[in-house]
There are 2 protein chains.
Amino acid sequence: MEQHKYNIIDIARLAQVSTATVSRVLHEKGGYSKETETRVRRVIAECGFQLNKNAQGLRTQKSRNIGVIVPDITNEFFARIIRYLELFFLKHQYSVLICDSHEDIEIEQLHIRNLKEQQVEGIIYISGRNANPIQESAFSIPIVYIDRKPEDVHIFVHSDNRQGGYLAARELIEKQCRSILFLRDQKKASTIRQRRSGYLEALEEAGIAFQESWEIMTKSDYASVFKTVTNLLMQKGCFFDGVFATNDNMALACLHALHAQHIQVPDQVKIVGFDNVSISQFCHPALTTITQNTELMAEAAGDALLKRIHHELDKQEFIIPVSLCVREST
Amino acid sequence: MEQHKYNIIDIARLAQVSTATVSRVLHEKGGYSKETETRVRRVIAECGFQLNKNAQGLRTQKSRNIGVIVPDITNEFFARIIRYLELFFLKHQYSVLICDSHEDIEIEQLHIRNLKEQQVEGIIYISGRNANPIQESAFSIPIVYIDRKPEDVHIFVHSDNRQGGYLAARELIEKQCRSILFLRDQKKASTIRQRRSGYLEALEEAGIAFQESWEIMTKSDYASVFKTVTNLLMQKGCFFDGVFATNDNMALACLHALHAQHIQVPDQVKIVGFDNVSISQFCHPALTTITQNTELMAEAAGDALLKRIHHELDKQEFIIPVSLCVREST
DNA sequence: ATGAAAGCGCTAACAG
DNA sequence: CTGTTAGCGCTTTCAT
C-alpha cells in the first residue's frame with residue numbers, strides 16, 4: 001500500500017480540480033457536476049485518502065470530539081453506559097474520549113485538561129454512587145451529568161430510583177415479607193435517598209410500619225457488606241425476612257453472608273438487588289433485581305448533550321424508567 | 001470565569017513577548033530569561049490558557065493520540081487492561097482513544113477510519129478470546145497486539161498461557177485429582193492451545209495419562225457451559241474429580257452445574273479457572289484461578305508501542321508471567 | 001535571549 | 001459549477 005499520506009491538495013491536483021471542490025465533494029455540499037464528483041471520488045478511493053481531523057478541527061473550530069468521564073471503567077454498569085454512548089456518538093459522527101478518573105481528583109484534573117486541549121465540544125460526567133465533589137462552574141463546555149444531581153443548574157439524567165425502590169419493596173411484600181431490611185451504602189447520595197423513599201412508599205402502601213433498625217448502612221465493598229450482615233446475624237439473629245440492597249454487589253455479599261449462616265434464600269429470607277449487572281444472573285440463587293436501562297440512559301445523555309451543544313436545550317432532568325427483574329432470590 | 005478562549009497570540013501580546021517565546025516557555029525549551037518566564041507563566045495562569053491540540057498536532061505532525069481497539073469493554077478483563085493503558089499513556093502525555101468494536105467488523109472499520117483521521121500515532125489491538133479476522137497489512141500505523149498472535153510479523157504481548165495451564169493442572173494434581181477435565185471454548189485460539197499444552201505437561205509430569213474424553217468443548221457463554229456440563233453429568237455421571245476451565249466465567253457455570261446435581265465443590269470435584277476476574281472471588285465457593293497480570297500486560301504493550309513509534313523496536317513477543325491464586329474451589 | 005514569519009491541511013467566503 | 005485565497009493556532013528556523 002501507499003506509504004505517503006495524501007492531503008487534500010494532492011487529491012485536488014490528481015483530480016484536476018481545486019481543493020475547494022474536493023472539500024465540497026467530501027462533505028457532499030453540492031455545487032459540482034456529476035463528472036467531477038466521480039473523478040474526485042475515484043482519486044480519493046485510489047489513494048486511500050483520509051481527512052485530517054486536526055486541520056479540519058482547527059479550521060472549523062469544531063472538534064467533533066466529546067469527552068466522557070467515569071469513575072471506574074471496570075464497573076460493568078458504567079462500562080455498559082460507555083458502550084452505548086460510543087455507539088450513539090459514532091452514529092452522529094462524533095468521537096468519544098473516555099476518561100477513567102479512578103475516583104482520584106488529580107487524575108480527573110489531568111483528564112479534564114486534556115479534554116479541553118482536545119477541544120471537546122461537550123462532556124458527559126458519570127459520577128455513579130461515589131460522587132466526587134468536583135468543580136462545576138469555571139466550565140465553558142456543556143456538561144451532561146449521569147446519575148448525580150449537581151448543585152447548580154444543569155442537565156442530568158438518571159434512573160427512576162424512587163420507582164426502583166418501590167418496585168423492589170413491593171416485590172418483597174408480595175412474596176409475603178414483612179420485615180424488610182434496607183441494606184445501603186453509607187454514603188449519602190441522591191440515588192440512594194430516592195431508592196429509600198420508594199421503599200418507604202411501598203411499605204406504607206402495604207401498611208407495614210418502617211423500623212429504624214431495618215436501615216443498615218455499610219461500606220459498599222463485598223467484604224464490608226459480608227461482615228456487616230454477618231455481625232447483624234450474630235448479634236440480633238435473623239429478625240428479618242426480606243432485604244432490599246442498593247446494588248447487586250451488596251445483594252450478593254448479603255446472600256453469601258446469609259448462606260454462611262445457613263439461612264436459606266429465598267425460603268427464609270428474600271433478596272432484591274439493584275442494577276442488574278451480569279453477576280446477579282450468574283450467582284446462585286440468581287438475584288431478583290431492578291434493571292437500570294443503560295442503553296436509554298446513554299441515549300438520553302447523548303441526545304441532551306447534542307442539543308445542548310446546538311443551544312437547543314438549557315436545563316433539564318431526564319428520568320429513565322427502571323423495571324423489576326424477577327429471578328430466584330424472591 | 002473568562003468566556004473568551006485565549007490563544008498563544010493573546011498570551012504573547014499580554015506578556016509583551018513573541019509567540020515563539022510563549023511556545024518555548026510552554027514546552028520548557030530554554031532560551032529565555034528568568035523574568036520573561038515568570039511573566040509569561042503568570043499571564044498563562046491568569047487567563048487559564050489551554051493549548052490547542054489540533055493546531056499543535058497539525059503543525060508538528062504528531063497527534064500524541066493512540067488508539068485502543070477492544071472487542072468488549074464490558075468484559076472486566078479487557079476493562080482492566082484499558083484502565084492501565086490509560087494510566088500509562090497519561091504518564092507519557094498521550095491521549096488514548098478507546099474503541100469498542102462489539103466484535104463487529106463494520107463498527108471496527110468505522111473506528112479504524114476515525115482513528116486514522118485523528119492521526120493516531122499507534123494502535124493497541126486487544127483481540128481476546130474471540131479473535132476477528134482483521135486486516136493487518138495496509139497499515140502504515142504501528143500496531144501492538146495483545147492476546148492474539150497475528151499471522152504476519154508484528155509486536156504482540158500475551159500472558160504465559162502455557163505456564164497458566166501447567167499451574168492450574170498441577171494444583172489440581174497436588175490436591176489429589178486424577179481425572180481432570182479440560183473445559184474449553186470450542187473456538188480455536190492460540191491462547192487456548194497454549195493453556196492446553198501446559199495442562200498436558202502437568203499431567204505427563206505426574207504420570208497421568210490424558211483421556212480424549214476429558215477435553216470438553218463448548219460455547220463459552222454461561223448458559224452453554226451450564227448445559228454442556230449438566231448433559232455430561234447426566235450421560236456419563238461424575239467420572240472426573242477435577243476441572244480446569246479456560247476462563248472464570250466457564251468455571252463458574254461449571255460450578256453451578258455441579259452444584260445443581262448435588263456434587264460438592266471442592267469435596268468431590270475441584271475447579272480451577274483462568275483470568276481472576278472479580279466474579280471468581282465473589283462466588284461461592286470462591287474460585288481458585290490463574291491470575292493474568294493486566295497491569296503488566298498494559299505496560300508492556302504501552303512500552304512496546306512507544307518504542308515502535310520511535311523506531312526503536314521492530315518485532316517482538318512479550319510474555320507476561322501468570323500466577324496461581326488458590327481459593328476455596330480446590 | 002528574543003522576534004518575524006512560513007506553513008501544517010483544511011474550509012468557506014468571495015470571485016468569476 | 002469551479003477556483004483563489006485567507007486564516008484557524010501553533011512550532012520552528014533563521015535572523016538579530
Side-chain angles (χ1 to χ4, degrees), chain A residues 2 4-41 43-44 47-65 93 95 113-114 116-121, chain B residues 2 4-41 43-44 47-65 93 95 113-114 116-121:
Chain A
E2 306 303 326
H4 176 64
K5 242 187 196 167
Y6 292 89
N7 62 27
I8 210 171
I9 303 177
D10 298 325
I11 305 300
R13 189 167 22 76
L14 290 168
Q16 319 243 54
V17 294
S18 72
T19 60
T21 299
V22 176
S23 178
R24 285 192 273 255
V25 171
L26 232 31
H27 301 290
E28 307 182 15
K29 288 254 176 89
Y32 40 78
S33 67
K34 206 86 208 100
E35 297 107 65
T36 28
E37 172 170 5
T38 35
R39 190 147 35 90
V40 171
R41 287 208 186 287
V43 175
I44 287 175
C47 300
F49 165 77
Q50 304 264 153
L51 207 107
N52 183 325
K53 244 192 139 181
N54 280 337
Q56 186 184 44
L58 180 57
R59 173 62 229 233
T60 60
Q61 303 288 52
K62 267 155 191 27
S63 64
R64 295 202 82 81
N65 280 159
Q93 326 249 56
S95 309
R113 164 176 207 88
N114 178 51
K116 286 181 171 178
E117 290 184 354
Q118 299 265 12
Q119 313 295 117
V120 292
E121 296 179 32
Chain B
E2 305 304 326
H4 176 66
K5 244 185 192 166
Y6 292 89
N7 63 26
I8 210 173
I9 303 177
D10 298 325
I11 306 300
R13 189 168 18 79
L14 290 168
Q16 319 243 53
V17 295
S18 73
T19 60
T21 299
V22 177
S23 178
R24 284 192 273 254
V25 171
L26 232 30
H27 301 289
E28 308 181 16
K29 288 256 174 87
Y32 41 77
S33 67
K34 208 87 207 99
E35 300 106 63
T36 29
E37 174 170 6
T38 34
R39 190 148 34 90
V40 171
R41 287 207 186 287
V43 175
I44 287 175
C47 300
F49 165 77
Q50 303 265 153
L51 208 108
N52 182 325
K53 244 191 138 180
N54 280 336
Q56 185 183 44
L58 179 58
R59 172 62 228 233
T60 60
Q61 304 288 53
K62 267 151 192 30
S63 64
R64 293 202 85 78
N65 280 159
Q93 327 249 55
S95 308
R113 165 176 207 87
N114 177 52
K116 285 182 170 175
E117 289 185 354
Q118 298 266 13
Q119 314 295 117
V120 293
E121 295 179 34

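Since the structure is predicted, the reported quantities are computational estimates derived from the model, not experimental observations. Order of the sequence lines fixes the chain letters, A, B, ..., with proteins taken first and strands second; residue numbering starts at 1 for each chain. Both backbone and side-chain heavy atoms feed into the values below; hydrogens, waters and symmetry mates do not.
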### Query
Looking at residues at least two apart in the chain, or sitting in another chain, which of them share a side-chain hydrogen bond (donor to acceptor under 3.5 Å, both in side chains) with B:Ser18?
B:Thr21
### With B:Asn114 via side-chain hydrogen bond (donor to acceptor under 3.5 Å, both in side chains) - residues at least two apart
A:Ser95
### Query
Among residues 9-21 of chain A, which contact DNA chain C at a heavy-atom distance under 4.0 Å?
A:Thr19, A:Ala20
### Query
What pairs meet the salt bridge (charged side-chain N to carboxylate O under 4.0 Å, His left out) rule with one or both residues in residues 19-34 of chain B, with sequence neighbours excluded?
B:Lys34-B:Glu37
### Summary
The residue, B:Arg39 or B:Leu58, whose nearest nucleotide of DNA chain C is more 5′ is B:Arg39
### Task
Would you grab the first and last nucleotide of DNA chain D (5' to 3') that comes under 4.0 Å of any non-hydrogen atom in chain A?
D:dC1 to D:dG9
## Note on the structure
Correct closest heavy-atom pair for B:Arg64 and B:Gln93 would be NE-O, 3.0 Å
### Message
Test: salt bridge (charged side-chain N to carboxylate O under 4.0 Å, His left out). Region: residues 49-61 of chain B. Which pairs qualify, not counting sequence neighbours?
### Response
none
### Message
Could you tell me if the side chain of A:Gln56 sits less than 4.5 Å from the side chain of A:His27, heavy atoms only?
### Response
yes
### Message
Just to verify, what does B:Leu26 make a side chain to side chain contact (heavy atoms under 4.5 Å, CB included) with, not counting sequence neighbours?
### Response
B:Ile8, B:Val22, B:Ile44, B:Phe49, B:Leu51
#### Entry: Helical bend (five base pairs per end, nearest 10°) for the helix from C:dA1-D:dT16 to C:dG16-D:dC1
40°
## Note on the structure
Separation between CD (B:Glu121) and CD (B:Gln61), nearest 0.5 Å, reads 10.5 Å
### Message
Between B:Gln119 and A:Asn52, is there a side-chain heavy-atom distance shorter than 4.5 Å?
### Response
yes
## Note on the structure
5'-most to 3'-most nt of DNA chain C touching chain A (<4.0 Å, heavy-atom partner on protein side) reads C:dG9 to C:dA12
### Message
With rounding to the nearest 0.5 angstrom, report the OG to CG distance, B:Ser63 to B:Leu58.
### Response
11.5 Å
### Query
Could you give the distance from SG (A:Cys47) to CD1 (A:Ile11), rounded to the nearest 0.5 Å?
4.0 Å
### Query
Taking only residues two or more places apart in sequence, or in another chain, which ones meet A:Ser33 in a side-chain hydrogen bond (donor to acceptor under 3.5 Å, both in side chains)?
A:Thr36
### For B:Gln118 against B:Asn65, the heavy-atom pair lying closest together
O-OD1, 3.7 Å
### Message
Can you list, in residue-number order, the parts of residues 26-36 of chain B that come under 4.0 Å of DNA chain C, counting heavy atoms only?
### Response
B:Gly31, B:Tyr32, B:Ser33, B:Thr36
### Message
Any non-hydrogen side-chain atom of B:Leu14 less than 4.5 Å from a side-chain atom of B:Tyr6?
### Response
yes
#### Entry: Counterpart residues, side chain to side chain contact (heavy atoms under 4.5 Å, CB included), relative to B:Arg13 (two or more places apart)
B:Asp10
